[in-house]
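Okay, structure first, notes after.
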Amino acid sequence: MKGIQYGIIYTLIIMIIGLIVIETAAVEFSSIFGLSSITQSFFIGAMRIISLSFVFAGFNIAVQGVFQALDSGAESLAVSVLRQFIFVIPVTALFAKFFYHSEYISWMIWIIFPFAEFLTAIISCILLARTYKQKIKFIDNM
C-alpha cells in the first residue's frame, strides 16, 4: 500500500509542477513555433486549458501502472480507453455538432480533455477500491 500511495503522490507532484510550468510559460512555449498572433492566442489558450488535465491524467496513469502490476490488465485497459477515447471522441462530436457556430467552440473543444481525465479519475478510484478489496488487501496483510 505504501508503494502505491507514494507512486501516486510522486506522480501528482510531478504533474502539478508540469501544470504550473505550462500555465506560467505558455506564451514562451508558443514563441518556439513562430506562430501568427491569432494562432498563437489559440495555442496559448489550448495549452492552458489542456494543462488543467495534467493532475487527473497523472493519477490515471499511476493507477494504470498499479493495475498492470497487480495483474489487472482489464482495469488498466478500461482506464486507458475511457480517458483517450470514450470520454473524448463522443463528447467532442456532440460539442462540434451543437456549438459549431459558437464563438467559444475553440476553448470548448479543449475543455473536453480535463473533463475526460476528471471523469476517468472518478472511475479509476472506483476500480482501485475494487482492486484493493480483491487483491491488495490480501497482499498488504501478509
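As a basis for the values below, the full set of heavy atoms in this structure was taken, side chains included, without hydrogen atoms, waters or symmetry mates. Position 1 is the first residue of the sequence, and the numbers go up from there.
- Going from atom CZ of F113 over to atom CD of Q84 covers 10.0 Å, rounded to the nearest 0.5 Å.
- The CG atom of L128 sits 12.0 Å away from atom CD of Q64, with the distance rounded to the nearest 0.5 Å.
- Separating the CH2 atom in W110 from the CE atom in M47 is a distance of 10.0 Å, to the nearest 0.5 Å.
- Across L127, I122, I123, a single residue satisfies side-chain contact (heavy atoms from CB on, under 4.5 Å) together with L82, and that is I123.
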side-chain contact (heavy atoms from CB on, under 4.5 Å) evaluation trace for L52 with E23: CA-CA 9 Å; L52 298 174; E23 290 292 327; 4.0 Å; yes
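- Here CD1 of I112 is found 10.5 Å from CD1 of I49. Values are rounded to the nearest 0.5 Å.
- To the nearest 0.5 Å, the span separating CZ on F54 from OG1 on T11 amounts to 14.0 Å.
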Residues 26-33 side chain polar contacts: donor-acceptor under 3.5 Å, at least two apart:
unit_1 : atom_1 : unit_2 : atom_2 : d
S30    : OG     : V27    : O      : 2.6
S30    : OG     : Q40    : NE2    : 2.7
S31    : OG     : E28    : O      : 2.6

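- In the model, N60 has a side-chain atom that pairs as donor or acceptor with a side-chain atom of S124 under 3.5 Å.
- Using modelled atom types, no side-chain atom of S72 and backbone atom of Q68 make a donor-acceptor pair closer than 3.5 Å.
- Summarising the geometry of T120 relative to A116, their closest heavy-atom pair is OG1-O, 2.7 Å, with the distance given to 0.1 Å.
- The CD1 atom of I61 lies 9.0 Å from the OG atom of S80; values are rounded to the nearest 0.5 Å.
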